[in-house]
Amino acid sequence: MKVNITNMKNVFVFKNNTFYDERGFLKRVICKKDLKKIFNINFDIKQTNYSFNLKKYTLRGFHYQKKPFEEDKVITCINGKVYDIVLDLRPKSKSFLNWTSLILDSNRNESLFIPKGCANAWITLQNNTSLIYHHSQFYKPKHELSIRYNDPKFEFQWPKKPHIISSKDKNIANFKLENL
């Protein structure tokens, strides 16, 4: 498992193991043993979601769940390409209220690990882009929080203005620290 570490603690990209033969290939996207051995992270999948996005410049996020239902996530782009931003909302973190960005490209065979206390959003860079999300917690709508993709507090730098965004994601109020 090759790993690229970001500038945020426990936010990293890892190369998926792929096994090829005459039939095609098999990708190991998540291995609990590897996450524990390499990063000392216990990751138990409680839910897996699949996201299909018809058009490029579709934006989804920022979403996260508050305590006690915070969740780790592993995100894999299985078709197409996205520009992903991870926002650190962990008050004790050195990168608190900072963000990092990266591109997840299905041709690179990589996954992104996002720890509890971080919010995530992405914009598609190609038509017909698909992602799989593995979550360490069940979805709890009453504990979900969101941050608007263009909140002035964070000055997010998107590669392109979103063309498609849900009304829910578009109409989130400005960030307030007390909402954490």
Compare all side-chain heavy atoms of [X] with those of [Y] and state whether any distance is below 4.5 angstrom.
X: I132; Y: T48; value: yes
X: F52; Y: N79; value: no
X: L87; Y: Y64; value: no
X: V82; Y: L125; value: no
X: Q47; Y: S136; value: no

Distance under 6.0 Å and angle within 45° of ring axis: K140 vs F69: yes

How many angstroms lie between [atom1] in [X] and [atom2] in [Y], if you round to the nearest 0.5 Å?
X: N127; Y: K81; atom1: CG; atom2: NZ; answer: 12.5 Å
X: F96; Y: N98; atom1: CZ; atom2: CG; answer: 9.5 Å
X: I114; Y: D84; atom1: CD1; atom2: CG; answer: 5.5 Å
X: T124; Y: N53; atom1: OG1; atom2: CG; answer: 5.5 Å
X: S146; Y: Q65; atom1: OG; atom2: CD; answer: 10.0 Å
X: L104; Y: L131; atom1: CG; atom2: CG; answer: 7.0 Å

With sequence neighbours excluded, residues passing ring pair (Phe, Tyr, Trp, His ring centres under 6.0 Å) with Y83: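 Partners of Y83 under the ring pair (Phe, Tyr, Trp, His ring centres under 6.0 Å) test: W158.
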
Distance flag, aromatic centroids of F154 and W99, threshold under 6.0 Å: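 No, ring centres 6.0 Å or more apart.
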
Y133/Y50 aromatic ring centres below 6.0 Å: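 No: the rings miss the under 6.0 Å criterion.
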
List in chain and number order the residues that pass side chain to side chain donor-acceptor pair (under 3.5 Å) with [X], two or more places apart in sequence or in another chain; answer none if no residue qualifies.
X: T58; result: none
X: S93; result: D88, S95
X: K116; result: D72
X: N40; result: K36

Passing option when I85 is tested against Y149, F62, W122 for side chain to side chain contact (heavy atoms under 4.5 Å, CB included): F62

Flag if over 12 foreign heavy atoms under 6.0 Å of CZ, F25: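 Counting neighbours around CZ of F25, 12 or fewer heavy atoms of other residues, nucleotides or ligands fall under 6.0 Å, so no.
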
Flag if over 12 foreign heavy atoms under 6.0 Å of CZ, R108: yes

Stepwise salt bridge (charged side-chain N to carboxylate O under 4.0 Å, His left out) test for R23 and D21: CA-CA 5 Å; R23 300 167 294 174; D21 66 18; 2.4 Å; yes

Connected via hydrophobic side-chain network under 4.5 Å: I78 and I30: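 As far as the 4.5 Å side-chain criterion goes, I30 and I78 are not connected within one cluster.
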
Minimal non-hydrogen separation, S106 against K27, with atom names: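 Where S106 meets K27 most closely, the heavy atoms are O-NZ, 4.1 Å.
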
Donor-acceptor pairs under 3.5 angstrom involving side-chain atoms of residues 162-174: please list them, not counting sequence neighbours.
from : atom 1 : to   : atom 2 : distance (Å)
S166 : OG     : D169 : N      : 3.0
K168 : NZ     : E144 : OE1    : 3.0
D169 : OD1    : H63  : NE2    : 2.7
D169 : OD2    : G61  : N      : 3.2
N171 : ND2    : S167 : O      : 2.8
N174 : OD1    : R148 : NH1    : 3.0
N174 : OD1    : R148 : NH2    : 2.6

